[in-house]
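Reading through the structure tokens given below for one structure.
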Amino acid sequence: MSSRPRQAPRELPKIYTPTEAEGHWYSVWEERGYFRGDEDRPGPPFSIVIPPPNVTGSLHIGHALNNTLQDVLVRWKRMQGFNAVWIPGTDHAGIATQNVVERQLLSEGLDRHRLGREKFIERVWAWKEQSGGRIIEQLKRLGASCDWSRERFTMDEGLSRAVREVFVRLHAEGLVYRAANQLVNWCVRCHTALSDIEVEHREVNGHLWHIRYPLEDASGHVTVATTRPETMLGDVAVAVHPEDPRYAGVAGKHVVLPLVGRKIPVIADDYVDIAMGTGALKITPGHDPNDFEVGRRHGLPVISILTVDGRLNDAFLVDDAGSPLPGAPAARLVGRSRQDARSIVVEMLEAEGLLDSTEKHRHAVGHCYRCGTVVEPFLSPQWFVKTKPLAEPAIAAVEDGRTRFRPTQWENTYFEWLRNIRDWCVSRQLWWGHRIPAWYCLRCDRDAITQVEGEELRSDRIALSAQPILSAEPPSACPRCAGTELIQDPDVLDTWFSSALWPFSTLGWPQETKALATWYPTSTLVTSFDIIFFWVARMMMMGLRFTGQVPFRDVYIHALVRTETGEKMSKSKGNVIDPLDIVDKFGADAFRFALMALAAQGRDIRISEKRIEGYRNFVNKLWNAARFVLMNVEDHDPRAAGCPSLTAADRWVIRRLGQALTEVDAALTAYRFNDAALALYQFTWNVYCDWYIELAKPALQDPARRAAAQWTLLRVLRDVAKALHPIVPFVTEEIWSALPRPEGEPAHVMIARYPEPFAEHGEDLEVDRLEQLIDVIGRVRNIRGEMGVAPGQKVDLFLLSDDEAALAPLRAGEEHLLRLGNLARVVFGRTADRPPVSSMAPAGAVEVHVALPDADPAEEVRRLEKEIAKIDGELAAHDRKLGNPSFLERAPAEVVAETRARRDEALASRAKLAASLAKVRGSDG
RNA sequence: GGGCGGGUAGCUCAGCUGGCUAGAGCGUCGGCCUUACAAGCCGAAGGUCACAGGUUCGAGGCCUGUUCCGCCUACCA
């Protein structure tokens with residue numbers, strides 16, 4: 001235990017400095033094991049798995065929001081007596097991490113191919129070891145109460161085992177398959193396939209080129225349009241609609257592919273849209289998914305014109321019989337990049353007079369979500385997960401409410417994607433990740449070789465047979481021929497494959513662990529909408545498939561954090577706010593509070609330092625309230641039995657505390673984080689500090705009331721510390737440590753019992769009256785402020801009411817008067833025959849009149865007139881309502897009664913104001 | 001093209017199933033160093049709730065249309 005000596009109460013500094021306290025308390029909590037989950041602990045289970053951040057990443061503000069909300073939930077539930085656990089961990093982040101290490105290699109003049117697979121992976125592990133702890137340390141700075149003894153990494157042995165298990169089982173069930181030749185999204189920079197959702201569509205300015213393909217019989221030409229002219233090299237046909245009169249005799253003929261000289265057929269297919277463009281469509285099965293389908297229907301060949309790194313190969317230089325066409329003009333394009341090829345093709349076509357027209361064209365182009373490179377449809381052998389059978393139960397589980405999204409609107413997004421889901425390409429041509437547990441036997445099936453055009457960089461694949469041997473563990477021999485020359489599939493799995501298993505793999509699955517039995521399904525998933533497809537939906541599919549249960553009951557979707565001006569934060573833009581800088585500057589508590597308060601907003605959260613500063617001030621306010629209390633309780637005995645007899649003010653603040661706790665409970669239960677934060681903010685500042693502490697000051701001077709005030713100050717402060725602890729754990733722990741503790745309260749607020757919401761039993765007229773008094777004080781202050789009365793100047797106060805019964809105690813009650821005198825700086829007038837300045841009285845309240853030292857009659861006239869005008873407006877509105885017969889008939893009785901009462905009050909107030917006005921005018925004239 | 005979200009005070013945003021005089025923080029203005037806190041205290045000003053219709057006794061919340069902004073999604077050459 002590194003606990004340092006705590007300061008004596010009187011030495012608490014004026015300003016709370018977070019840094020020291022935060023480091024101290026975090027290590028105390030950790031050393032005492034307060035974060036640890038224990039399967040055997042009593043209480044209903046509550047569990048959260050962290051959305052694993054990239055292991056080599058660093059904490060950004062989105063993580064800060066995400067993890068703050070999780071921490072608030074976990075701390076709250078833990079304090080409520082739940083058997084709570086928050087399981088942390090990190091993700092290996094396949095492409096992202098591999099790219100980082102590749103960049104490092106590049107700067108050393110190396111690349112991964114020269115290094116070799118094994119060495120490269122060692123490099124990545126080394127980098128992981130070096131930088132992997134950083135994000136965890138950052139989470140700790142935020143105060144995250146994760147059970148670090150259960151920290152997991154997606155490439156841990158246990159989790160890898162789960163990955164292999166799932167892959168092999170899915171394969172056995174026919175839900176994983178290998179497609180020998182499939183068009184996939186290919187990143188020519190990362191040299192890998194991507195799933196559909198890893199492609200970002202961006203609107204770009206491009207062109208639409210219209211190209212003439214001369215008919216073989218020289219009877220004319222067919223014009224096609226394309227946004228990617230270089231793909232024409234791989235064209236195998238031109239398609240027209242069978243009923244298009246323009247091309248009635250053309251289908252069945254051949255055209256000569258420009259620059260290449262290949263003769264390709266004109267086919268008829270109703271996929272072609274007659275109304276679109278020229279009505280003729282070039283068919284490039286190797287580079288367009290639709291064309292791939294058309295080509296398949298017509299038995300056309302597939303020509304892949306690109307290498308894995310996006311250069312032109314020579315596969316397109318063949319005639320329709322497959323013989324080489326060495327003399328073709330396009331031969332000079334071999335080896336050029338796709339961009340170069342595009343401009344050269346356009347130039348050449350133009351030179352040959354085959355370019356009909358060029359128009360500007362704005363369209364969406366797919367880009368790699370990791371590196372931003374334009375993605376190509378590319379022919380290659382890949383592994384897929386058949387998703388339909390997995391998606392159906394995932395849809396059903398949300399439909400029937402086993403898992404609920406909050407806000408529920410996100411269920412639409414979830415359904416929309418799952419209902420239109422396409423098979424998931426899970427193989428990646430990377431080295432960093434879970435290698436696919438498929439082996440190929442070199443002895444048998446040697447001829448069934450899967451070959452990909454232009455595959456120099458992936459020559460290891462060429463040796464593979466098309467018949468993988470699947471096993472969760474490495475096989476020692478081929479089950480067919482017993483051959484031992486086995487080669488593992490070189491590909492790794494999509495990062496999101498292992499993420500999809502996270503809720504159960506982290507709890508020990510496939511073993512039937514106690515943790516799994518205790519905490520699965522998990523309670524709440526806290527994440528943002530941008531990974532509903534990537535992660536949430538896939539966890540649902542895999543969780544249901546392999547555990548038979550949903551992975552989580554609630555999915556809380558929070559907003560995305562943006563900059564003050566609404567921009568997305570990104571490293572390249574340099575507008576990233578580093579959460580750690582904020583923590584350094586304002587403290588983790590202020591930052592957490594700000595994130596909480598912002599959490600319920602729509603899709604975006606704009607964060608600004610100003611806002612955080614405001615909550616820093618709140619933390620300091622709380623701190624100073626604690627200082628005040630501590631300065632005034634040195635003679636208080638926390639262990640004294642029973643509570644002293646409380647005054648109305650004491651009972652009042654306790655009543656308000658109960659109301660605040662009720663709000664907080666309702667808000668947190670409904671994931672309305674901002675409402676919970678606001679309720680506590682307002683109680684602490686506007687009720688406890690602004691009113692109760694002020695009311696307590698005179699009471700502390702009064703021997704008769706001192707003990708009760710001390711007891712109440714402490715009692716409420718302790719509840720405030722507990723109630724706020726999930727949001728601002730550090731400052732509350734610091735305060736708690738300085739507070740005297742009665743029997744039964746633990747040494748640390750983190751493990752204290754969360755205060756139960758409560759309502760008072762029965763009526764308390766004295767407390768009601770205090771509410772009135774507070775209202776009176778407000779109105780006196782209002783008048784004083786308006787009239788510019790000097791702060792020290794006492795004024796005469798007159799209180800009037802039709803209901804003398806209500807007024808009498810207020811007038812006579814010594815205690816109340818004292819408070820009023822203190823807080824409003826008034827002396828009490830005996831009569832009210834000419835109350836000089838008045839303030840409107842709301843329902844049931846007394847009228848407040850103040851005699852100012854030298855009241856200016858003209859000022860008073862203006863003031864009264866203004867008030868009368870205001871009342872007239874109100875009256876008119878009431879009359880309109882009450883004059884409406886359907887209002888009287890259909891509105892709820894209480895609403896009608898209330899409106900009547902309100903109108904009567906307004907009328908009475910108006911009469912009195914009018915009388916005052918007449919008097920002032922009279923005395924004036 | 002399809003879908004979703006948003007337009008409320010000068011700024012950033014709350015406002016849950018339609019029902020008291022539409023709220024908060026910041027900013028602004030005026031007054032206070034009142035012995036917990038100037039990172040504070042007291043008070044004030046400021047809103048035709050994007051626009052136009054409609055439903056309703058009653059609309060910032062509901063319906064229709066218009067408009068502006070943002071996001072997601074899509075194979076339209």
Side-chain angles (χ1 to χ4, degrees), chain A residues 12 14-16 197 201 208 224-228 239 271-273 276-284 288-293 361 363-364 377 409-410 412-413 416-417 420 529-530 532-533 560 564 566 586 590 594 597-598 600-608 610-611 613-632 666-667 670 672 674-675 678 681-682 689-690 693-694 697 778 781-786 788-792 822-825 842-843 870 873-874 877 880-882 884-892 894-896 898-899 901-902:
Chain A
L12 287 189
K14 268 190 166 189
I15 288 182
Y16 170 66
I197 50 178
H201 290 90
L208 191 58
V224 298
T226 180
T227 55
R228 294 183 298 155
Y271 163 71
V272 181
D273 185 345
M276 189 71 119
T278 62
L281 184 62
K282 65 194 270 303
I283 299 298
T284 322
D288 183 285
N290 295 307
D291 294 6
F292 187 80
E293 285 308 305
H361 185 65
H363 60 138
Q409 51 171 97
W410 291 110
N412 293 331
T413 306
E416 173 68 17
W417 188 68
N420 300 303
F529 62 84
D530 56 337
I532 289 178
F533 305 152
L560 232 48
E564 204 169 346
F586 300 104
L598 290 162
Q601 292 168 195
R603 294 194 163 195
D604 298 343
I605 291 178
R606 297 189 187 191
I607 192 109
S608 69
K610 256 311 195 229
R611 191 83 192 240
E613 203 179 297
Y615 295 112
R616 189 267 320 260
N617 295 353
F618 172 77
V619 169
N620 197 50
K621 184 76 179 177
L622 175 66
W623 176 252
N624 276 292
R627 279 182 68 220
F628 174 82
V629 172
L630 288 168
M631 285 174 183
N632 287 286
R672 295 197 319 264
N674 60 325
D675 285 348
L678 187 70
Y681 181 99
Q682 291 187 331
C689 292
D690 285 352
I693 286 184
E694 293 308 318
K697 282 175 182 172
R781 285 172 174 172
N782 179 322
I783 295 170
R784 297 180 60 112
E786 287 287 276
V789 179
N822 191 357
L823 295 171
R825 293 190 184 255
K870 221 166 162 184
E874 244 177 74
R880 218 169 23 248
K881 267 191 170 176
L882 292 166
N884 182 339
S886 19
F887 172 71
L888 300 176
E889 274 167 40
R890 298 199 215 171
E894 323 87 73
V895 174
V896 175
E898 226 176 88
T899 310
R902 195 171 295 282

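Worth saying up front: this structure is predicted, and the values here are computed from it rather than measured. We name chains A, B, ... by the order of the sequence lines, and we start the count at 1 in each one.
In this structure, A:D530 places its CG atom 18 Å from P of B:rG5, rounding to the nearest Å. Between the CG atom of A:N412 and the P atom of B:rC71 there is a distance of 20 Å, rounded to whole Å. One interatomic measurement links the two molecules: CG of A:N420 to P of B:rC72, which rounds to 18 Å at whole-angstrom precision. If you take CG of A:N632 and P of B:rU35, they are 14 Å apart, rounded to a whole angstrom. For the pair A:N782 CG and B:rU21 P, the computed distance is 20 Å after rounding to whole Å.
Between A:C689 and A:L888, the one whose closest nucleotide on RNA chain B sits nearer the 5' end is A:C689.
Seen from the ring of A:Y681, A:K621 does not count as a face-on cation partner, given the 6.0 Å and 45° thresholds.
For B:rA36, the OP1/OP2 oxygens have a side-chain nitrogen or oxygen of A:K697 closer than 4.0 Å. Between A:H361 and the phosphate of B:rA77, there is a side-chain N or O to OP1/OP2 separation shorter than 4.0 Å. Between B:rC76 and A:H363, no contact under 4.0 Å exists linking OP1 or OP2 to a side-chain N or O.
Nucleotide B:rC41: paired with B:rG31 (Watson-Crick or G-U wobble, both distances less than 3.5 Å). Using the Watson-Crick or G-U wobble rule with both distances under 3.5 Å, B:rA36 pairs with nothing in any strand shown. In this entry B:rC71 has B:rG3 as its Watson-Crick or G-U wobble partner, both defining distances falling under 3.5 Å. Using the Watson-Crick or G-U wobble rule with both distances under 3.5 Å, B:rA50 pairs with B:rU66. With a 3.5 Å ceiling on both atom-pair distances, the Watson-Crick or G-U wobble partner of B:rC26 is B:rG10.
Comparing the same atom, P, in B:rG46 and in B:rC68 gives a spacing of 33 Å after rounding to whole Å.
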What are the atom names and distances for every N/O pair under 3.5 Å that joins the protein to nucleotides 23-26 of chain B?
none

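Within the nucleic acid shown, A:A666 has no heavy atom closer than 4.0 Å to any nucleic acid atom.
Here B:rG27 is in the anti range [glycosidic angle more than 90° from 0].
Looking only at side-chain heavy atoms (C-beta outward), A:N674 and A:L598 stay at 4.5 Å or farther from each other.
Across A:V272 and A:G279, no two heavy atoms sit closer than the pair CG1-O, 3.3 Å.
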